[in-house]
Amino acid sequence: MVRIGAFLVGLFFAGWLFISFLVGAVAYVSEPPQPTVEHEFHKPVKHVSFSFDGPLGKYDQAQLQRGFQVFKEVCSACHSLKFVAFRDLQALGYNEAEVKAIAKQWAIKTPSIDPATGEASSRDPVPADHFPLPFANNVAAAAANNNAIPPDLSLMTKARHHGSAYVYSLLTGFQAQPAELLKEFPDAKTPEGLHYNPYFPNLNLAMAPPLTADGQVTYGPGQPKPTVDQMAQDVSAFLTWTAEPKLENRRRAGLATLIFLLIATGLAYMSYQNIWADKKKAA
């Protein structure tokens, strides 16, 4: 009796599920969803090659240093790197003295407490400090950025699909709104204070184009020409490193593990053949 009851209950829910599916299918066919401006004009990320692409890729230290320079001179005024410490920069090839100098000369100071008075104060960062936040809190950040809070960039390339290419595409994707967009969607004009970028999910974002001209950042001798495209690639590589500083170690460990498993599999197979060889002959 219990089995019959359970069968009937299951049949009831299965029936309702089938009816719901039919109703949804009929509605989709009779009244298909209308295209949206985001669906029609949002573009996939651009194709760009980095030295760390692929399972054996490695970071280019010179590129990471250039990317850090772009972040320092262009991005750091609005965006934070709260999960990165100054001493982590030694992995980019800076020595201890250079890291100390970078921290001391950083434009944004580290919040502190005056030990004599107990009042809020600030001091020069030291290598052990994380990069200080550019704004005291989200209210101050929104007030300075048209009510938009600039996101922290420490893990940005891991938080977005095709992260490195996404950052590069976003930085190089600012453009005037296409005439065909306004013709097809006249109500989708980019609002005042926002900027059109087809690589951003909703096409409009509060951030103005940060890289606006070639030579905006001056690279050292022997480095590539600092075009907008080159600077975008360099800072994208740097932000990939901030999100995955142990990328090379992880890949080396994975490769060693794969080799070990292949050897162990071969040894296990040969052991199996040796142990059962006499048994197979006797059979």
Side chain to side chain contact (heavy atoms under 4.5 Å, CB included) assessment of Leu81 paired with Phe71 = CA-CA 10 Å; Leu81 282 180; Phe71 172 81; 3.4 Å; yes
Can you measure from CZ (Phe238) to NZ (Lys72) and round to the nearest 0.5 angstrom?
-> 11.5 Å
Verify whether one side chain among Asn202 and Glu38 offers a donor that lies under 3.5 Å from an acceptor in the other.
-> no
Does a side-chain heavy-atom distance below 4.5 Å link Phe68 with Tyr94?
-> yes
Would you call Glu40 and Phe185 a side-chain contact if the rule is heavy atoms closer than 4.5 Å?
-> yes
Would you indicate whether the side-chain heavy atoms of His79 and Met207 approach each other to under 4.5 Å?
-> yes
Mind checking the CG-CZ spacing from Leu203 to Phe41? Nearest 0.5 Å is all I need.
-> 9.0 Å
Linking directly or through intermediates, with side-chain heavy atoms under 4.5 Å: list the remaining ILVMFWY members grouped with Leu267, chain and number order.
-> Leu56, Leu255, Ile259, Ile263, Met270
Report the C-alpha separation of Val217 and Val74 in whole Å, then their side-chain angles, then the decisive distance to 0.1 Å, and conclude whether the side chain to side chain contact (heavy atoms under 4.5 Å, CB included) test is met.
-> CA-CA 8 Å; Val217 174; Val74 178; 3.8 Å; yes
Please round to the nearest 0.5 Å and tell me the distance separating atom OG of Ser80 and atom CD1 of Ile149.
-> 11.0 Å
Please report the shortest heavy-atom distance between Pro198 and Gly173, naming the atom on each side.
-> CD-O, 3.3 Å
Decide side chain to side chain contact (heavy atoms under 4.5 Å, CB included) for Lys46 and Thr172; before the verdict, give the C-alpha distance in whole Å, the side-chain angles of both, and the deciding distance to 0.1 Å.
-> CA-CA 9 Å; Lys46 299 178 181 179; Thr172 58; 2.9 Å; yes
Gly57 backbone acceptor or donor facing Glu248 side chain under 3.5 Å | no
Tyr219 side chain reached by Lys225 side chain, heavy atoms, under 4.5 Å = no
Measure across Pro226 and Met231 and return the closest heavy-atom pair with its distance rounded to 0.1 Å.
-> O-CE, 3.6 Å
Should the pair Phe12 and Trp16 be assigned to parallel (<30°), tilted (30 to 60°) or perpendicular (>60°) ring geometry?
-> perpendicular
Do the side chains of Val126 and Val99 join up, straight or via other hydrophobic residues, at under 4.5 Å, putting them in one cluster?
-> no
Spacing of Leu170 atom CG and Asn197 atom CG [to the nearest 0.5 Å] | 4.5 Å
Please check if atom CZ in Arg251 has more than 12 non-hydrogen atoms from other residues, nucleotides or ligands closer than 6.0 Å.
-> yes
Decide whether Gln69 and Glu73 meet the rule of one side-chain donor and one side-chain acceptor closer than 3.5 Å.
-> yes
Check against salt bridge (charged side-chain N to carboxylate O under 4.0 Å, His left out), Asp129 and Arg123 | CA-CA 11 Å; Asp129 291 327; Arg123 58 172 175 79; 2.7 Å; yes
Say you draw a straight line from CD of Glu244 to OG1 of Thr157; how long is it, rounded to the nearest 0.5 Å?
-> 6.5 Å
Going through the checks in order, is the side chain to side chain contact (heavy atoms under 4.5 Å, CB included) test met by Val70 and Leu211?
-> CA-CA 9 Å; Val70 175; Leu211 301 175; 4.2 Å; yes
Would you find a donor on one side and an acceptor on the other, under 3.5 Å apart, between the side chain of Asp88 and the backbone of Ala85?
-> yes
Any donor-acceptor N or O pair under 3.5 Å, side chains Thr190, Asn204 = yes
Counting only heavy atoms not in Lys58, do more than 12 fall under 6.0 Å of its NZ?
-> no
Inter-residue atom distance Met156.CE - Leu239.CG, 0.5 Å rounding = 8.5 Å
Tell me, do Leu194 and Leu205 make a side-chain contact under 4.5 Å, heavy atoms counted?
-> no
Count the heavy atoms of every other residue, nucleotide or ligand shown that sit under 6.0 Å from CD of Glu180, and state whether that count exceeds 12.
-> yes
Heavy-atom pair of closest approach, residues Pro125 and Pro132 = CG-CG, 4.4 Å
Which atoms form the tightest heavy-atom contact between Asp152 and Lys82, and what is the distance?
-> OD1-N, 2.9 Å
Among residues two or more places apart or on two chains, list those pairs meeting ring pair (Phe, Tyr, Trp, His ring centres under 6.0 Å) that have a residue in residues 130-171.
-> Phe86-Phe131, Trp106-Phe131
Would you check if Phe174 and Pro210 make a side-chain contact, meaning some heavy-atom pair closer than 4.5 Å?
-> yes
Heavy-atom pair with the smallest gap, counting every atom of Leu133 and Ile108 = O-CG2, 3.4 Å
Indicate yes or no: at least one non-hydrogen side-chain atom of Gln233 is less than 4.5 angstrom from one of Arg66.
-> no
So, for Ala62 and Gln223, which heavy atoms are closest and what is the spacing to 0.1 Å?
-> CB-OE1, 4.2 Å
